[in-house]
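Single-structure report; data block below.
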Amino acid sequence: MRHPYTIKEIARQSGLSTATVDRVLNRRGGVRESTVREVRRAVEDLDRQQTQVRIGGRTFMIDIVMQAPERFSTAVREALEAELPSLHPAVVRSRFHFRQTAPVGELTAILDRIARRGSQGVILKAPDLPETTAAVGRLAAAGIPVVTLVTDLPSSARVAYVGIDNRAAGSTAAYLLGQWLGDRPGHVLTTISRGSFRGEEEREMGFRSAMRLAHPRRALVEVTDSDGLDATQHDLVLEALRRDEDIVAVYSMGGGNLATLAAFDELGRTCAVFVAHDLDHDNTRLLRGRRLSAVLHHDLRQDVRRACQTVMRAHGALPDDGPSLPSAIQVVTPFNLPPEVPARA
């Protein structure tokens, strides 16, 4: 039972006498097991309270840098603002740097400005490109920890990745599509915002691998490089549907789902199964209207909280709690929308 506390502190915390605490700590015997547990609990309580003292009154300025469609950036901003009270007694201030699409030079210029100006940490969603990796290295050299969110930069100097296991998510999508399509013939459209995002690439790899094993005869038709923007997505999907009249289902890895469905509607085509990612405002509305079959969701509020806590740990303000596990993948249908986005009766 290693600890930095005096016997008097532990006795006061536990409500036991100093003599009893002394017997427990020095294993002199003559005490009940329940008393030993009380002393252990008191030490654990003191550990937690010491952590609160350590971060109390500290302000962490965190920069959130994202290349993503506005609907997802907005969801991240709302998730972070909702989680700020849970990070007390630390105070978290945030600066947002959002781009829907940008040359890699513009993104790295933002990261380099942050390195020069200073920051307690960066939460980053960016393409996995050599230039981005190098910019993360410069942030690390400046003593600024970087946490990747949703999509990873595994060869960079980032301190952690927070998000789902994207390959497992792709395999889950393949399982759902296979179950719902059954023996119905037809091809599956896969949509990716941009191939340089590692998260989407891993989803696509998991999906293709699982489909190849379970449904080797079902063709996959890929649409990519729309950046998840509705206008571009609509045109690319419309072109794919005109080329292939056998497309009957969609797995969307990168968003733009309103535009995808508008293309189906424009041609009078039916999408029998549609699996998407993330409960943003668009997907919630589409799920309520039964235009989506399922959304593979992860708790974004939990993710941004974990990302902020990872920054705090990098500064020694919170104890290290070991390797971070991937976020849980939730399969959300029109019948189990979470309470914060209740389904209409």
Side-chain angles (χ1 to χ4, degrees), residues 67-75 99-101 127 150-151 166 169-170 172-174 176-182 184-197 199-201 203-208 211 215 217-297 331-334 337 341:
Q67 182 176 321
E70 184 180 357
R71 59 182 173 272
F72 187 76
S73 299
T74 298
R99 299 290 186 276
Q100 293 203 90
T101 181
V150 179
T151 185
N166 283 295
T172 301
L176 294 173
L177 274 161
Q179 291 292 306
W180 285 330
L181 284 176
R184 175 174 180 160
H187 303 161
V188 177
L189 183 70
T190 64
T191 68
I192 303 171
S193 69
R194 191 155 291 276
S196 53
F197 282 104
E200 292 182 31
E201 180 186 30
R203 291 173 188 177
E204 194 265 349
M205 290 168 64
F207 183 76
R208 281 189 179 274
M211 289 294 288
H215 311 283
R217 296 181 181 177
R218 198 177 288 283
L220 306 182
V221 180
E222 182 178 292
V223 163
T224 188
D225 293 343
S226 71
D227 290 311
L229 302 179
D230 286 341
T232 311
Q233 181 82 2
H234 173 269
D235 292 345
L236 290 171
V237 172
L238 196 62
E239 182 184 350
L241 292 176
R242 283 173 172 156
R243 283 198 315 267
D244 191 330
E245 295 185 355
D246 293 324
I247 293 172
V248 296
V250 176
Y251 173 39
S252 167
M253 291 160 258
N257 302 321
L258 278 169
T260 296
L261 286 165
F264 272 88
D265 292 343
E266 190 170 325
L267 297 178
R269 300 266 291 274
T270 299
C271 182
V273 182
F274 197 136
V275 177
H277 278 267
D278 302 317
L279 274 181
D280 57 28
H281 295 299
D282 284 355
N283 285 346
T284 298
R285 188 164 68 253
L286 291 171
L287 200 57
R288 286 175 176 167
R290 311 293 176 87
R291 300 301 308 275
L292 298 181
S293 309
V295 170
L296 301 181
H297 181 60
V331 179
V332 184
T333 71
L337 281 161
V341 280

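By convention here, the first residue in the shown sequence is residue 1.
Residues P69 and G228 approach most closely at CG-O, 3.8 Å, considering heavy atoms. Heavy atoms only, all atoms of each residue included: F197 and P127 are closest at CE2-N, 3.5 Å. Here the shortest heavy-atom pairing between G182 and R218 reads O-NH2, 3.2 Å. In this structure, L189 and A240 approach most closely via the heavy-atom pair CD1-CB, 4.1 Å. A272 approaches S293 most closely through the heavy-atom pair O-OG, 4.2 Å. The two residues T224 and G195 have their closest heavy-atom pair at OG1-N, 3.9 Å.
The 12-atom threshold is not exceeded at CD of E245, counting heavy atoms of other residues, nucleotides or ligands nearer than 6.0 Å. Counting heavy-atom neighbours within 6.0 Å of E266 CD, excluding the residue itself, gives a total above 12.
The main-chain N or O of T260 is never found under 3.5 Å from a side-chain atom of Q233 such that the two would form a donor-acceptor pair. Between the side chain of R269 and the backbone N or O of L241, at least one donor-acceptor pair lies under 3.5 Å. Side chain of D280 to main chain of D282: a donor-acceptor pair is present (N/O by atom type, distance under 3.5 Å, no hydrogens or angles). At distances below 3.5 Å, not a single donor-acceptor pair connects side-chain atoms of S252 with backbone N or O atoms of A276.
Side-chain contact check for T151 versus N166: every heavy-atom pair is 4.5 Å or farther apart. Side-chain contact between V250 and V188 is absent, with no heavy atoms from C-beta onward closer than 4.5 Å. Residues R71 and L258 fail the side-chain proximity criterion, which asks for heavy atoms closer than 4.5 Å. Annotation: side chain of N283 is in contact with side chain of L292 (closest heavy-atom distance under 4.5 Å). Counting heavy atoms from C-beta outward, V332 and L337 have side chains that approach closer than 4.5 Å. D227 places none of its side-chain heavy atoms less than 4.5 Å from the side chain of T232.
Contacts classified as ring pair (Phe, Tyr, Trp, His ring centres under 6.0 Å) and involving residues 227-265 (residues at least two apart or in different chains) are given here: F207-Y251, Y251-H277.
The line from CD of Q67 to OG1 of T101 is 5.0 Å long, rounded to the nearest 0.5 Å. Atom OG1 of residue T190 and atom CZ of residue R203 lie 13.0 Å apart, to the nearest 0.5 angstrom. Separation of atoms CE (M211) and CG (L177) is listed at 6.0 Å; rounding is to 0.5 Å. For the atom pair CE (M205) and CD (E201), the distance works out to 6.0 Å, reported to the nearest 0.5 Å. Between the CG atom of D225 and the CG atom of L236 there is a distance of 8.0 Å, given to the nearest 0.5 Å. Annotation: the span from I192 atom CD1 to E222 atom CD amounts to 4.0 Å, rounded to 0.5 Å.
Among residues two or more places apart in sequence or in another chain, the salt bridge (charged side-chain N to carboxylate O under 4.0 Å, His left out) test is passed with D278 by none. Residues passing the salt bridge (charged side-chain N to carboxylate O under 4.0 Å, His left out) test with R217: none are found, sequence neighbours excluded.
Side-chain contact, S193 with E200: a donor N or O sits under 3.5 Å from an acceptor N or O.
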